[in-house]
Amino acid sequence: MSLPHAILTALLEKPSSGLELARRFDRSIGYFWSATHQQIYRELGRLEREGLIRALPEQAPTRGRKKEYEVLPAGREELGRWVDVREDPRLGRDPLPVRLRAAGVVGVRGLVPELRRHRDLHLLRLEEYRAFERRDYPDGPADDQERVQRLVLLGGIDVEAGWVSWLTRAIEELEGTG
């Protein structure tokens, strides 16, 4: 995935200022694709120069008013092209499995408390995602856009549940209870 496509997606969902986009990344998109505020602003400028987005015309000139952006037809076309691209899955780059493997050659030492800490963090994220699902989809998705957004959320729930399961198994195995 690329940042420009994440921004195009977010702007098609709702025209926004750079600050609003950054906040949305912090609250939702950032759970699966993170970006700093600086990266978002830099990308907005590039997308605008490439003619994929534009700043909405202001109703009345107001000093200090934030530019709000919308996607142009060329941006929608680019996003559609990207959705149809064939890509192979990418491996995650979490260092914890490598640390666990390293423990096999240097000794487990203090790794079990760290595994517990990671499991607890994944449990918190899992509950957070489940709370989002209860809050946002109490009666299921209302339309195709919500159906797809919920699928992304369900993917996050499955990933976190997988981490919790694996970490629980690792802890039990290393403590000799598994």
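We count residues from 1, following the sequence as given.
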* To do: Determine yes or no for a side-chain-to-main-chain donor-acceptor pair under 3.5 angstrom, with R49 supplying the side chain and G45 the backbone.
  => yes
* Interatomic distance, H118 atom NE2 to L115 atom CG [nearest 0.5 angstrom] -> 7.5 Å
* Measure the spacing between OH of Y129 and CD1 of I157 and express it to the nearest 0.5 Å. => 9.0 Å
* Quick one: do R46 and E43 make a salt bridge, cutoff under 4.0 Å? -> yes
* Test item: E13 and Q149 side chains (from C-beta on) under 4.5 Å apart, heavy atoms -> yes
* Decide, yes or no, whether a salt bridge links R23 with E20 under the criterion of side-chain N to carboxylate O below 4.0 Å. => no
* Structure fact -> Shortest non-hydrogen pair, L72 vs G51, comes out as CD1-O, 3.4 Å
* In this structure, are over 12 heavy atoms from other groups packed under 6.0 Å from R135 atom CZ? -> yes
* Asked: Quick one: do R117 and D120 make a salt bridge, cutoff under 4.0 Å?
  -> no
* With rounding to the nearest 0.5 Å, note down the distance linking CG in D136 to CD in E146. => 8.0 Å
* Kindly indicate whether the side chain of I40, heavy atoms from C-beta on, has any atom under 4.5 Å from the side chain of T36. => no
* Mind running salt bridge (charged side-chain N to carboxylate O under 4.0 Å, His left out) on E127 and R134 for me, showing each step along the way? => CA-CA 10 Å; E127 184 46 44; R134 288 189 301 272; 2.6 Å; yes
* Asked: How many angstroms lie between atom CD of E173 and atom CZ of R169, to the nearest 0.5 angstrom?
  -> 9.0 Å
* Among E68, K66, R24, whose side-chain hydrogen bond (donor to acceptor under 3.5 Å, both in side chains) with S16 holds? -> R24
* Asked: Once you round to the nearest 0.5 Å, how far does CD of E114 lie from CG of L96?
  -> 7.0 Å
* Structure fact -> Rounded to the nearest 0.5 Å, the OH atom of Y69 sits from the CD1 atom of I53 at a distance of 6.0 Å
* Asked: Hey, is CZ on R109 packed in by over 12 heavy atoms from elsewhere, all under 6.0 Å?
  -> no
* **Whether T9 side chain and H5 backbone form a donor-acceptor pair below 3.5 Å** => yes
* To do: Determine whether I171 and V98 fall in the same hydrophobic cluster, where Ile, Leu, Val, Met, Phe, Trp and Tyr are linked whenever their side-chain heavy atoms lie under 4.5 Å apart.
  => no
* R54/E48 salt bridge by N-O under 4.0 Å criterion -> no
